[in-house]
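Each chain gets a letter, A, B and so on, in the order its sequence line appears, and its residues count up from 1. Bear in mind that the values here come from a model prediction, so they are computed numbers and not experimental data.
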Protein chains: 6
Amino acid sequence: MSINNPDVDLTRYQRGWDKLREIDGEAGERVIAALQDIAPDFARLLIEFPFGDIYSRPQLDLRAREIAVVAALTALGHAAPQLKVHLHGALNVGCTREEVVEVIMQMAVYAGFPAALNGLAAAREVFAQRDADAAAATSSVG
Amino acid sequence: MSINNPDVDLTRYQRGWDKLREIDGEAGERVIAALQDIAPDFARLLIEFPFGDIYSRPQLDLRAREIAVVAALTALGHAAPQLKVHLHGALNVGCTREEVVEVIMQMAVYAGFPAALNGLAAAREVFAQRDADAAAATSSVG
Amino acid sequence: MSINNPDVDLTRYQRGWDKLREIDGEAGERVIAALQDIAPDFARLLIEFPFGDIYSRPQLDLRAREIAVVAALTALGHAAPQLKVHLHGALNVGCTREEVVEVIMQMAVYAGFPAALNGLAAAREVFAQRDADAAAATSSVG
Amino acid sequence: MSINNPDVDLTRYQRGWDKLREIDGEAGERVIAALQDIAPDFARLLIEFPFGDIYSRPQLDLRAREIAVVAALTALGHAAPQLKVHLHGALNVGCTREEVVEVIMQMAVYAGFPAALNGLAAAREVFAQRDADAAAATSSVG
Amino acid sequence: MSINNPDVDLTRYQRGWDKLREIDGEAGERVIAALQDIAPDFARLLIEFPFGDIYSRPQLDLRAREIAVVAALTALGHAAPQLKVHLHGALNVGCTREEVVEVIMQMAVYAGFPAALNGLAAAREVFAQRDADAAAATSSVG
Amino acid sequence: MSINNPDVDLTRYQRGWDKLREIDGEAGERVIAALQDIAPDFARLLIEFPFGDIYSRPQLDLRAREIAVVAALTALGHAAPQLKVHLHGALNVGCTREEVVEVIMQMAVYAGFPAALNGLAAAREVFAQRDADAAAATSSVG
């Protein structure tokens, strides 16, 4: 993804873009692409601040960061699309399905059973999509 | 802490009580003690469900669980007393101060800067209390 | 629903299961069934803690409990599926449609008009489903 | 409390004022008084809409309404001052201490244990204040 | 919309109805119409309090009021249908598309990126609908 | 405030710092100063992203931005310290006291009366502090 704004710190932008792809993969790229028509500057800011500034910091590994974000988005309860992106992210950086389910279950204690139930529904969708993607990849190889 | 209710599953209760002490230490014990006058049954349920049922499950280690709860309580924003208890908990089970500060900072992305700023204020209080406790322990030893 | 875990307190589990069926009926059973593939332990915990521990307590009758949960889920605003289950629950334990509509309307004062409007949309769906179920039952009898 | 605005519907205003005094008593009057310096129109609107329009409707009795509001404010978690006013209100209209504690405990299921713990802390303060007021009244009689 | 309730302050009701039409146009009328089957009194209260009492006050112009409500509903995150109505409202009273997008982007700072992303998704839908309506109007004229 | 990090974009940092001072004045500087002991990097990020990136954009004037943030923080309800900083900010960039009170009152419609009441309590504190500061300035001049 190229950018033609002379005020943009390209190092920071590139670092963010690489980190976003590492964590969220295609689900993250789709979020960025979907912003181009309505708020392209926000796409850039999303790459720069969360990914270029925060996720690139070495103080916490990506596995711990994804556990934190799955917990927070489950607890907040109003961010199902972003929770799904980060469930992919958690699995992409090495968390197991059992672990992310466990984080969501734990949120029943802090945000109530409805928040946890809705988090589990998001996990079910993400797992099914990954199974379908894996099956498609296998069959196209075969 | 003894309990005289024949309907209580003592194994689960004891497991929860041990887990609460392992994670939250004295801060957790104070929460339980404070409930005795107003809702002693809720103290029991708090030991049994979050600690006896959830935190005792082996699917996630305590370090990951405390990262999850620090993230969630920072993001929710209305639970400063419980966030402080779990900042102690996170440090008790092996997270560093730098790591919990980093989790709180990351929450700026998901719940906004005010939630993160209030989380950092809670961390400052917890760190100061632990420093004071350590200083008192050292001086009483000396 | 049988369970083969030797650590489970069967009395508490059975008490919870009976209470869940008494309150939420088929809508509650569907919630439990939907959890079997992704988090069967969470299904068990949902039966044990909310229903076996909390709803089974005699300190508050089920009508008051359902008014409380309809109020809370309307106010929280991020739990439409669970609000619908408990609108069925409220009607199942003796609340009238007029009463649950009134509770939702009252929430405009405490959580704003959008929360109340979304609560009323949930109530419309629940009432329509119950009317359809009643019509189907009548016609199958006739 | 008199009002000199010709556009005000005095019947509705008076109905609201009477209802506010019936439910919240002195705690409610203090809320209104505190608004006079900063937003006197908001004091009027608070009397007219929540109390004149909503609480005066006969579709739900005051006991059920106070259970609903204690549940909602406990669950929302950011409204401790208003929760205290309505804990007084619930007790004023006939709920027992045991019942309001039970409603707050139930909220652990829907909004998490921190929200319930903070609700119980509010209840402890309200009960202590009522005990102190009762003791003062007794001693001044004696 | 006529109303046959002798207790209703017709001036206030008419003022609210006119204000609702001025701000929200057909989207607002649809909200009112949708309430007639389930809670017609709530439709009346929605006209009277938010629009008759609040939006009719001269202390703030409608452009500022719509910026405030777009900000608040984006930040709250659980009110997508009402956010869409008020995105129409903001554009109806003179805000530009660029301005409402900017308000939503600013909310990333206060409520996190997921809330802002979901707000932008609502804006995309509203802009597309207005483009479609404008195209239909042009084609029916031609 | 100087900074010795070679990776920092000094133009963006300086632009953010100037904007923070323009809007929030001393209240903003105190927020930054308070972060130096616990999370100095977060102080930098707070200057860079909200102020250097967002508030510096010309698409919305500062008066509209402060109305948006007062609305959002009042509605969210868990950010009283930040609401006070931005009430100062709103008055600093040209909003009147009457206008910010009106924005807070409007939030009763979208987030409920408790959120609005707590917002008015924050406004009362801010107005009193500004009156005291003005009195002190006058007396020190005299």
Novice: Who in residues 53-84 of chain F is close to chain B, using a strict under-4.5 Å heavy-atom cut-off?
Specialist: F:Leu73, F:His78, F:Ala79, F:Pro81, F:Gln82
Novice: Would you say B:Arg21 and B:Asn92 are linked by a side-chain donor-acceptor pair, where the criterion is simply a distance under 3.5 Å?
Specialist: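 No.
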Novice: Would you compute the distance between atom CD of F:Glu102 and atom CE of F:Met107 and round it to the nearest 0.5 angstrom?
Specialist: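 Rounded to the nearest 0.5 Å, the CD-CE separation comes out at 10.5 Å.
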Novice: Drop me the distance from B:Ile104's CD1 to F:Phe42's CZ, to the nearest 0.5 angstrom.
Specialist: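 Reported value, rounded in 0.5 Å steps: 9.5 Å.
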Novice: Side chain, backbone, both or neither: which part of F:Val31 has an atom under 4.5 Å from a heavy atom of chain B?
Specialist: side chain
Novice: Please check if atom CD in F:Glu26 has more than 12 non-hydrogen atoms from other residues, nucleotides or ligands closer than 6.0 Å.
Specialist: no
Novice: Once you round to the nearest 0.5 Å, how far does CG of F:Asp131 lie from CZ of F:Arg97?
Specialist: 4.5 Å
Novice: So do B:Val100 and B:Val126 actually touch side chain to side chain, heavy atoms under 4.5 Å?
Specialist: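 Result no, sub-4.5 Å side-chain heavy-atom pair not found.
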